[in-house]
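Okay, structure first, notes after.
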Amino acid sequence: MPDALDLVLEVADMMSIFAAQRFVRIDGMRCEALAEAGRYGSQLNGIAERSVRLELAAALRITEYAADELIRLAEAVVRRYPQVLDSLSRAGMTEKHASILVDGLDELEPDLLDGVLPEAVALAEAEPVGSFRRRLRKLIDTARVDTLAERHEAAVEKRRTFIEPAEDGMASWTLIGPAVEVRAGFDRVTAVAKVIGAQPEETRTLDQIRSDVMFDLLIEGNTGVHPVQARGIQAKVHVTVPVLARLEDGARAEGEPAVGEGIGPVPVEVARELCGSAPTMTRILTDPETGMVLSVSRDRYETPPWLRRIVTWRAERCMAPGCTMPASRCQIDHSIAWEHGGHTSLGNLCPLCQGHHTVKHHGGWTVTQIEGSGGALEWISPTGRRYLVQPERKVPVFTPVAVATDGRPPF
């Protein structure tokens with residue numbers, strides 16, 4: 001007997017199947033119009049496409065921009081990525097997954113497409129939208145790592161800031177620049193805002209305080225209005241660098257980009273500079289042939305800072321299904337509670353945002369860290385359904401190296 005969620009899932013599957021059929025018919029409508037226009041010369045193709053867009057928008061009661069987006073997606077999944085259409089047709093992925101996947105694949109150079117597409121479709125069929133977007137981004141960036149430095153250099157030339165008016169005397173201020181600097185600046189403002197927000201008399205929300213702090217810094221250039229505890233806070237960025245990327249001769253680990261937490265891939269040259277000069281940078285070197293086992297056993301409940309850094313680095317995000325909250329803003333949870341014999345160890349810790357931490361303990365869910373998985377969590381819902389959440393990174397295990405009998409170091 002299907003339960004309420006089974007009925008919802010049945011409709012969701014039907015929506016994916018209908019989306020695939022809609023894409024096929026929209027592309028058929030476009031092709032038919034182009035074929036008809038082609039009888040009178042290719043110069044009419046643009047007019048035919050505009051006519052299709054207008055009619056589709058009018059019939060569906062949507063904007064022409066939205067209609068153009070449907071036409072673009074239809075052409076992509078029907079003509080260029082039939083694997084995506086096949087998956088959507090059997091409800092293997094949702095329409096949202098398909099849209100994200102097409103946008104990502106369209107960035108790729110043609111010679112990289114065949115190597116990425118099968119894994120990208122598999123991710124779309126297995127991951128929630130949030131984690132799929134992140135993992136697809138990582139997959140694409142890894143495939144394009146060889147050109148990252150050149151692309152980053154070109155992108156930096158386009159850095160800018162601009163203002164757009166909003167309602168009720170408000171406006172939005174957008175800054176586009178290097179991800180490391182943008183993330184570091186935002187995190188510094190957030191850290192200052194959290195200190196201010198902890199003051200007993202404070203009534204503003206974190207977002208409101210963040211906004212006010214930015215104006216204090218940018219307009220007045222004065223932090224004297226902030227509590228003493230909020231002054232002198234520096235930005236902190238976690239950068240994961242392949243171990244070979246730190247060599248002075250410029251060698252790097254093949255196929256592995258440097259990654260900033262909450263940022264994504266950064267050129268190795270940028271990462272090397274950060275690791276050598278930034279005093280508040282947490283450097284984590286990775287080597288596919290080594291790793292580490294970390295635990296403080298039952299000696300203490302509180303997670304020491306060095307262990308917390310590894311736990312948050314490994315997960316990068318809240319480890320609840322589909323959550324996108326950065327791990328640095330999460331609470332560290334003991335998968336097996338301390339009072340029930342759980343250890344303060346890497347194999348028993350994970351970051352959970354406050355909301356999902358509460359759900360885990362009081363919402364009827366069972367959450368288990370799978371032994372030997374490198375940090376994967378299995379969530380079992382109150383209805384008995386199982387959801388597997390993988391961390392963003394694997395933490396390897398260091399193995400001891402024998403020291404030479406004459407006392408010399410083994411290198």
Side-chain angles (χ1 to χ4, degrees), residues 53 57 62-70 72-73 96 99-100 102-104 106-107 129-130 133-134 136-137 140-141 148-199 202-227 230-239 259-267 270 273-274 278 280-281 316-317 324-326 328-329 353:
R53 184 175 69 193
I62 58 178
T63 66
E64 284 195 55
Y65 176 85
D68 189 56
E69 184 68 6
L70 284 175
R72 182 185 71 86
L73 288 174
K96 183 63 176 178
S99 176
I100 295 170
V102 166
D103 288 343
D106 280 351
E107 295 180 24
V129 167
R133 192 193 303 271
R134 294 193 306 274
L136 177 65
R137 181 77 268 155
I140 291 172
D141 287 335
L148 177 58
E150 293 82 359
R151 289 185 285 111
H152 177 74
E153 184 176 354
V156 168
E157 294 297 321
K158 301 176 183 178
R159 62 191 182 277
R160 66 191 187 279
T161 182
F162 54 90
I163 295 174
E164 293 182 349
E167 297 178 352
D168 303 322
M170 303 293 283
S172 62
W173 186 355
T174 301
L175 169 66
I176 299 175
V180 171
E181 284 87 339
V182 171
R183 171 60 66 177
F186 181 81
D187 286 351
R188 181 188 177 194
V189 170
T190 299
V192 173
K194 285 184 176 180
V195 173
I196 296 174
Q199 304 304 306
E202 187 56 63
T203 59
R204 292 171 293 174
T205 66
L206 181 62
D207 279 334
Q208 290 170 341
I209 301 173
R210 249 194 303 243
S211 178
D212 293 343
V213 167
M214 289 184 68
F215 290 131
D216 291 339
L217 294 173
L218 293 171
I219 297 175
E220 298 292 338
N222 176 25
T223 60
V225 296
H226 301 160
R231 302 175 197 170
I233 291 177
Q234 293 181 308
K236 291 181 173 64
V237 178
H238 295 136
V239 176
V259 178
E261 180 184 350
I263 298 169
V266 295
V270 173
E273 180 181 353
L274 291 171
T280 57
M281 199 70 58
E316 189 168 286
R317 302 281 170 174
T324 60
M325 177 70 72
S328 57
R329 293 165 55 188
C353 68

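Using modelled atom types, one side-chain atom of Q199 and one backbone atom of V195 make a donor-acceptor pair closer than 3.5 Å. Judged by distance alone, the side chain of R159 and the main-chain N or O of V156 form a donor-acceptor pair under 3.5 Å. T190 places a side-chain N or O within 3.5 Å of a backbone atom of F186 that can act as its donor or acceptor partner.
Remark: L206 CG to Q208 CD distance equals 9.5 Å, nearest 0.5 Å. Taken from OG in S328 to CZ in R317, the straight-line distance is 8.5 Å, to the nearest 0.5 Å. Atom CZ of R72 is separated from atom OG of S99 by 6.5 Å, given to the nearest 0.5 angstrom. In this structure, OG in S172 is found 7.5 Å from CZ in F162, a value given to the nearest 0.5 Å.
The two residues I209 and G197 make their nearest non-hydrogen contact at CD1-CA, 3.6 Å. Taking both residues in full, the closest heavy atoms of A171 and I163 are given as CB-CG2, 3.9 Å, listed atom of the first, atom of the second, then distance. Contact detail for V182 and L175: the closest heavy-atom pair is CG2-CD2, 4.4 Å. In terms of heavy-atom proximity, T174 sits nearest to T161 at O-OG1, 2.8 Å.
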- Message: Between E202 and I196, is the side-chain contact (heavy atoms from CB on, under 4.5 Å) condition met? List the steps.
- Response: CA-CA 7 Å; E202 187 56 63; I196 296 174; 3.5 Å; yes
- Message: What verdict does the salt bridge (Lys or Arg N to Asp or Glu O under 4.0 Å) test give for D103 and R133, after you've listed the backbone C-alpha separation in whole Å, the side-chain angles of each residue and the deciding distance to 0.1 Å?
- Response: CA-CA 10 Å; D103 288 343; R133 192 193 303 271; over 6 Å; no
- Task: Please report the C-alpha distance between L70 and I62 in whole Å, then the side-chain angles of each, then the deciding distance to 0.1 Å, and finally whether the side-chain contact (heavy atoms from CB on, under 4.5 Å) criterion is met.
- Result: CA-CA 11 Å; L70 284 175; I62 58 178; 3.9 Å; yes
- Show your working on side-chain contact (heavy atoms from CB on, under 4.5 Å) between V189 and K194 and close with a plain yes or no. CA-CA 9 Å; V189 170; K194 285 184 176 180; over 6 Å; no
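For D187 and R329, the salt-bridge test fails: no basic side-chain N is under 4.0 Å from an acidic carboxylate O. Between E107 and R137 a salt bridge is recorded (basic side-chain N to carboxylate O distance below 4.0 Å).
Counting only heavy atoms from C-beta outward, the side chains of T324 and R134 approach each other to under 4.5 Å. With a 4.5 Å cut-off on side-chain heavy atoms, P326 and E316 do not count as touching.
The side chain to side chain contact (heavy atoms under 4.5 Å, CB included) check on R53 picks up R50, E64, A67, D68, I71, with sequence neighbours excluded.
Around the CD atom of E153, the shell of radius 6.0 Å holds no more than 12 heavy atoms that belong to other residues, nucleotides or ligands.
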